[in-house]
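This structure is a prediction, so every number in the text was calculated from the model and none was measured.
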Amino acid sequence: MFYLSEIEHKLRLPPHLLNLPLNEAIKGELEGLFVDKVIANLGLIISIYDIRSIDDGFIYPSEGASTYTVKFRLVVFRPFVGEVITAKLKESKAEGLRLSLGFFDDIYVPAPLLPDPSRSEPDPENKNQVRWIWKFDELDYPIDGVDEIRFQVHNVSYPSMPLEQDKDSKPFAPMVIKGSLDADGLGPISWWI
């Protein structure tokens with residue numbers, strides 16, 4: 001789920017930061033550039049773990065800033081296919097579920113990947129949503145958001161950024177996780193206790 005990844009980056013350090021210790025100034029700039037951002041095929045950057053090396057320190061002509069080549073390691077969130085993760089229900093619609101880890105909200109469980117047989121019915125507490133119910137041995141097991149939900153990662157995708165986006169459409173998500181609840185032990189934790 002979490003990895004350390006090493007990256008090399010040419011970093012321009014503004015002159016107003018040169019009064020700080022070099023490591024501190026560079027780490028602050030790297031955090032502003034990378035933390036809470038998604039790098040395609042790498043994942044969501046959680047934090048700067050450490051700085052491995054700082055080279056160069058050139059000042060290019062007509063610039064007042066120095067440029068450094070920095071090698072550093074990042075803590076990256078990137079779940080692998082087949083991994084089982086626990087999340088909270090964020091949204092329940094006819095198309096399926098949307099789950100949240102607290103720091104990452106773009107987890108979707110489409111209706112075909114819900115436990116079989118499942119059905120949806122209008123949610124009495126929220127008219128804009130539905131409540132999904134799994135029927136097993138003539139008993140109904142609702143997915144109602146009370147419990148945490150275990151899901152299995154089906155795939156992780158990094159969609160390309162759209163050139164134009166409708167005003168009504170949902171915000172662009174640079175990393176999307178598709179999950180499944182259709183296996184033993186998956187779904188709300190109370191189902192299995």
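Rounding to the nearest 0.5 Å places CD1 of Ile133 at 12.0 Å from CG of Leu139. Rounded to the nearest 0.5 angstrom, Arg78 CZ and Ile177 CD1 are separated by 11.5 Å. The OG atom of Ser66 lies 11.5 Å from the CZ atom of Phe58; values are rounded to the nearest 0.5 Å. The CZ atom of Arg73 sits 10.5 Å away from atom OG of Ser5, with the distance rounded to the nearest 0.5 Å. Here the straight-line distance linking atom CD1 of Ile59 with atom OG1 of Thr67 works out to 8.5 Å at 0.5 Å rounding. Distance CD/Glu83 to CE/Met1: 4.5 Å, rounded to 0.5 Å.
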(message) As a quick check of understanding, evaluate side-chain contact (heavy atoms from CB on, under 4.5 Å) for Leu113 and Asp182, giving each step before the final call.
(response) CA-CA 6 Å; Leu113 295 177; Asp182 196 16; 5.5 Å; no

(request) Walk me through it: do Arg119 and Glu121 pass the test salt bridge (charged side-chain N to carboxylate O under 4.0 Å, His left out)? (result) CA-CA 7 Å; Arg119 71 178 190 282; Glu121 58 186 41; 3.8 Å; yes

(message) Checking Trp132 against Ser92 for the side-chain contact (heavy atoms from CB on, under 4.5 Å) test, could you report, in this order, the C-alpha distance in whole Å, the side-chain angles of both residues, the deciding distance, and whether it holds?
(response) CA-CA 7 Å; Trp132 282 94; Ser92 180; 3.3 Å; yes

(message) Show, in sequence, the C-alpha distance, side-chain angles and deciding distance for Phe77 and Tyr3, and conclude whether the ring pair (Phe, Tyr, Trp, His ring centres under 6.0 Å) test is met.
(response) CA-CA 7 Å; Phe77 168 69; Tyr3 296 91; 9.4 Å; no

(request) Kindly determine whether Asp123 and Val130 satisfy side-chain contact (heavy atoms from CB on, under 4.5 Å), including the steps that lead there. (result) CA-CA 5 Å; Asp123 189 344; Val130 299; 5.7 Å; no

(message) If you apply the rule side-chain contact (heavy atoms from CB on, under 4.5 Å), what do you find for Leu13 with Leu22, and how did you get there?
(response) CA-CA 9 Å; Leu13 194 62; Leu22 187 59; 3.9 Å; yes

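Note on ring orientation: taking the six-membered ring where Trp is involved, the planes of Trp134 and Tyr141 are tilted (angle from 30° to 60°).
Ile149 is not listed as a side-chain neighbour of Thr86, based on a closest heavy-atom distance of 4.5 Å or more. Leu99 places none of its side-chain heavy atoms less than 4.5 Å from the side chain of Ile85. Using a 4.5 Å heavy-atom threshold, the side chains of Ile45 and Asp36 count as separate. By the 4.5 Å heavy-atom criterion applied to side chains, Leu97 and Leu89 are counted as neighbours. Taking 4.5 Å as the limit, some side-chain heavy atom of Ile39 sits within range of a side-chain heavy atom of Ile7. The closest side-chain heavy-atom distance from Pro14 to Leu17 is below 4.5 Å. Side-chain contact check for Leu186 versus Val84: some heavy-atom pair is nearer than 4.5 Å. Within the 4.5 Å cutoff, the side chain of Val176 has heavy atoms near those of the Pro159 side chain.
Ala94 and Ala111 make their closest contact through O-CB, 4.1 Å (heavy atoms, listed as atom of the first residue, atom of the second, distance). Among all heavy-atom pairs drawn from Ile51 and Asn23, the shortest one is CD1-O, 3.9 Å. The nearest pair of heavy atoms linking Leu101 to Ala87 is CD2-CB, 3.8 Å. Nearest approach of Asn19 to His16, heavy atoms of both residues: OD1-O, 3.2 Å. Residue Pro79 comes nearest to Val153 through the heavy atom pair CB-CG2, 3.9 Å, listed as atom of the first residue, atom of the second, then distance. Across all non-hydrogen atoms, the minimal contact from Lys37 to Leu33 is CG-O, 3.6 Å.
For Phe2, the CZ atom is densely surrounded, since the number of other residues' heavy atoms within 6.0 Å is greater than 12. Applying the 6.0 Å contact sphere to NZ of Lys135 captures more than 12 heavy atoms from other residues, nucleotides or ligands. Within a 6.0 Å sphere centred on OH of Tyr49, heavy atoms belonging to other residues, nucleotides or ligands number 12 at most. Atom CZ of Phe172 has more than 12 heavy atoms from other residues, nucleotides or ligands within 6.0 Å.
Between the side chain of Glu91 and the backbone N or O of Arg98, no donor-acceptor pair lies under 3.5 Å.
A continuous path of hydrophobic side-chain contacts links Trp191 to Leu181 [ILVMFWY only; heavy atoms under 4.5 Å]. Leu44 and Phe151 fall within the same hydrophobic cluster, defined by Ile, Leu, Val, Met, Phe, Trp and Tyr side-chain heavy atoms under 4.5 Å apart, directly or through other members. In the hydrophobic clustering of this structure, Val156 groups with Ile46; members are Ile, Leu, Val, Met, Phe, Trp, Tyr whose side-chain heavy atoms approach within less than 4.5 Å, directly or through other members. Connection of Leu42 to Val70 is established within a shared hydrophobic cluster, with ILVMFWY side chains joined at heavy-atom distances below 4.5 Å, either directly or through further cluster members. In the hydrophobic clustering of ILVMFWY residues, with side-chain heavy atoms under 4.5 Å counting as a link, Ile48 and Val76 come out together.
Annotation: cation-pi pair Arg52/Phe72 absent, no NZ/CZ under 6.0 Å from the ring centroid and within 45° of its normal.
A salt bridge is absent between Asp147 and Lys88: the closest approach of a Lys/Arg side-chain nitrogen to an acidic carboxylate oxygen does not fall below 4.0 angstrom. Salt bridge Asp105/Lys90: present, at least one basic N to carboxylate O contact under 4.0 Å. Salt-bridge formation is not detected for the pair Glu29/Arg12: no Lys NZ or Arg NE/NH1/NH2 atom is positioned less than 4.0 Å from an Asp or Glu carboxylate oxygen.
Here Tyr68 and His9 keep their ring centres 6.0 angstrom or further from each other.
Remark: the Thr69 side chain and the Lys10 side chain contain an N/O donor-acceptor pair separated by less than 3.5 Å.
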